[in-house]
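Computed from a predicted structure; not experimentally measured. Keep in mind that the numbers below use all heavy atoms, side chains included, and drop hydrogens, waters and symmetry copies.
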Amino acid sequence: MIYKMGELFCGPGGLAWGAINADINDPSTKIIHAWANDIDNLTCQTYRHNICKDDYTESVICQDVRELEISRENLSDIDAFSFGFPCNDFSIVGEQKGLKGNYGALYTYGIEVLKLFHPQWFLAENVGGLSSANEGSAFKKILSDLKSAGYKIFPHLYKFEEYGIPQSRHRIIIVGIREDLPQNFKPPSTEKYKNVDTSVRSALNNPPIDEWAFNHEIPFTSEKVIERLRYIKPGQNAFNADMPEEIKLNVKGAKISQIYKRLDPDKPAYTVTGSGGGGTHMYHYEELRALTNRERARLQTFPDDYEFFGSREKVRKQIGMAVPCRGAKIIFEAILRTMNNIDYDSIPCNIKF
């Protein structure tokens, strides 16, 4: 079956790339782009350019979801649906306002799509902190609403480094299958990825990044930051490195911070983020500088010909908000096998509901 997939909060296309590249060795079974929505114009440009070049304008709607007309007149029918609803109010890095925050309730627009179109299955994604926001009540409410929309739900906390991704990135992904269908989803096993090299060194150098690659501009680094980085060893940050007092950061309570943290070349990267001020840009394990956006994209497993639009900071945000492409592909392939009743190595969901 060909699954036409709609998306809300599509971002630059990490989930979409994984979906349209999912392959279970059956040409009659695949996922194709139907429509997508995001609020940011540059993000939509990136998505259009890389995901749907043959349908460059109409199928990608750049609009605040709160103003989007969710109707059959405005959106085409879909068989599948994905939405990485905004995580700002669920991240453990922030205040975890949950459903009480400005972004927490935006998942309800995904519920509206499910109730209108009744796709066969969906994939919803958010940060690991979703389960603890509002003392756990936000997560329970979201799961309950997804189930009430007519779906069997299968929530799981994925640790993407366990799936061969060169980055420690933990995300809750909820797969839903329409309750009138017989299939039940299980997360794919991590066993086959145990011997995959997930080191930063391999990710950034195998193969080497072409100096003319898209989004590979070397960022400016001030002399003060360069001097600070000289004392920070790979894997260390500005607070646990042995450096002279005059260049130390005078910030209390940040001993385990990722500020000015240099990557460890022999381990997966720490989580790529899309925002943050000085010292949060991820720092090269060998060179005295922050990573380029292309290097960040490598850690998110975007192919080198994936072109992001916007300024350096705008592109950084797009990359940081995305789902790792290859990780998404693994999950979508498990969904396709599930829907086709094809056995695959799986594990039980680690979140009970």
Side-chain angles (χ1 to χ4, degrees), residues 3-16 18-19 31 33-40 43-44 47 51 59-91 97-131 133-134 137-156 158 171-179 181 185 321-323 328 331-332 335 351 353:
Y3 294 94
K4 295 174 291 184
M5 190 174 84
E7 290 186 83
L8 292 184
F9 319 107
C10 64
L15 280 174
I31 304 167
H33 162 81
W35 49 260
N37 163 259
D38 198 273
I39 191 173
D40 183 73
T43 298
C44 289
Y47 186 103
I51 300 300
S59 68
V60 181
I61 306 165
C62 187
Q63 190 175 21
D64 188 326
V65 71
R66 288 167 287 201
E67 300 172 0
L68 178 67
E69 180 188 339
I70 298 176
S71 69
R72 293 185 180 276
E73 290 73 30
N74 191 46
L75 303 172
S76 62
D77 281 339
I78 54 174
D79 311 292
F81 178 54
S82 68
F83 62 123
F85 53 100
C87 62
N88 310 55
D89 290 322
F90 300 116
S91 174
K97 296 180 180 179
L99 299 181
K100 301 175 183 178
N102 293 330
Y103 304 97
L106 293 184
Y107 81 93
T108 58
Y109 293 92
I111 302 293
E112 191 174 339
V113 169
L114 293 174
K115 290 182 176 180
L116 177 64
F117 291 104
H118 306 292
Q120 293 190 33
W121 53 265
F122 73 80
L123 182 152
E125 178 267 344
N126 208 279
V127 293
L130 174 65
S131 62
N134 301 143
S137 63
F139 188 46
K140 291 179 181 178
K141 170 63 174 170
I142 291 169
L143 292 179
S144 177
D145 286 352
L146 290 168
K147 188 173 182 181
S148 296
Y151 289 84
K152 297 174 287 185
I153 56 173
F154 307 94
H156 187 74
Y158 290 80
R171 292 293 183 268
I172 289 176
I173 291 180
I174 307 161
V175 173
I177 297 178
R178 209 171 59 207
E179 60 186 9
L181 299 175
F185 178 78
M321 70 193 289
V323 176
I331 299 170
F332 280 116
I335 293 173
I351 296 176
F353 173 65

message: side-chain contact (heavy atoms from CB on, under 4.5 Å) for I31 and I335? Distances and angles first, verdict last.
response: CA-CA 11 Å; I31 304 167; I335 293 173; over 6 Å; no
task: Kindly indicate, with the supporting measurements, whether the criterion side-chain contact (heavy atoms from CB on, under 4.5 Å) is fulfilled by I39 and F9.
output: CA-CA 7 Å; I39 191 173; F9 319 107; over 6 Å; no
message: Test side-chain contact (heavy atoms from CB on, under 4.5 Å) on I111 and K115; report intermediate values, then the result.
response: CA-CA 6 Å; I111 302 293; K115 290 182 176 180; 3.7 Å; yes
task: Check step by step if side-chain hydrogen bond (donor to acceptor under 3.5 Å, both in side chains) holds for Y107 and D145.
output: CA-CA 10 Å; Y107 81 93; D145 286 352; 2.6 Å; yes
task: For L68 and Y109, run side-chain contact (heavy atoms from CB on, under 4.5 Å): C-alpha distance rounded to whole Å, both residues' side-chain angles, the deciding distance at 0.1 Å, then the answer.
output: CA-CA 9 Å; L68 178 67; Y109 293 92; over 6 Å; no
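Two residues are said to be in side-chain contact when any heavy atoms from C-beta on lie closer than 4.5 Å; V113 and F122 fail this criterion. Within the 4.5 Å cutoff, no side-chain heavy atoms of K4 are placed close to those of S76. For the pair F139 and P155, the minimum side-chain heavy-atom distance is below 4.5 Å. At least one side-chain heavy atom of L75 sits less than 4.5 Å from a side-chain heavy atom of I61. In this structure, the side chains of I78 and M5 stay at 4.5 Å or more apart for every pair of heavy atoms. You'll find the side chain of I177 stays beyond 4.5 Å of the side chain of Q120, heavy atoms only. The side-chain heavy atoms of C44 and V60, taken from C-beta on, include a pair separated by under 4.5 Å. Side-chain contact check for E7 versus L15: some heavy-atom pair is nearer than 4.5 Å.
The aromatic rings of W35 and F117 sit tilted, their planes meeting at an angle between 30° and 60°. Ring orientation note: the planes of F85 and F83 are tilted relative to one another, at an angle of 30° to 60°.
The line from CD1 of I172 to CG of N126 is 7.5 Å long, rounded to the nearest 0.5 Å. Atom-to-atom distance recorded for L8:CG and S82:OG is 8.5 Å, nearest 0.5 angstrom. If you take CG on L123 and CD1 on I173, they are separated by 5.5 Å, rounding to the nearest 0.5 Å.
Contact between A80 and Y3 at its shortest, heavy atoms only, is CB-CB, 4.3 Å. In plain terms, the two heavy atoms of S59 and A34 that are nearest each other are CB-O, 3.5 Å. Minimum heavy-atom separation, L114 to A149: CB-CB, 4.2 Å.
Between the R178 side chain and the H118 main chain, a donor and an acceptor come within less than 3.5 Å of each other. The closest donor-acceptor contact from the side chain of Q63 to the backbone of E67 lies under 3.5 Å. Of the possible donor and acceptor atoms, one in the side chain of K152 sits under 3.5 Å from a partner among the backbone N and O of L181. The backbone N or O of L116 sits less than 3.5 Å from a side-chain atom of R72, completing a donor-acceptor pair. Side-chain N or O atoms of N74 include one that pairs as donor or acceptor with a backbone N or O of E69 at under 3.5 Å. In this structure a side-chain-to-backbone donor-acceptor pair under 3.5 Å is present from D38 to G11. Counting only distance, with no hydrogens or angles, the side chain of S148 and the backbone of S144 share a donor-acceptor pair below 3.5 Å.
Ring centroid separation for the pair Y158 and H156 comes in under the 6.0 Å cut-off. Checked against the 6.0 Å centroid criterion, the rings of W121 and Y151 do not qualify as a close aromatic pair.
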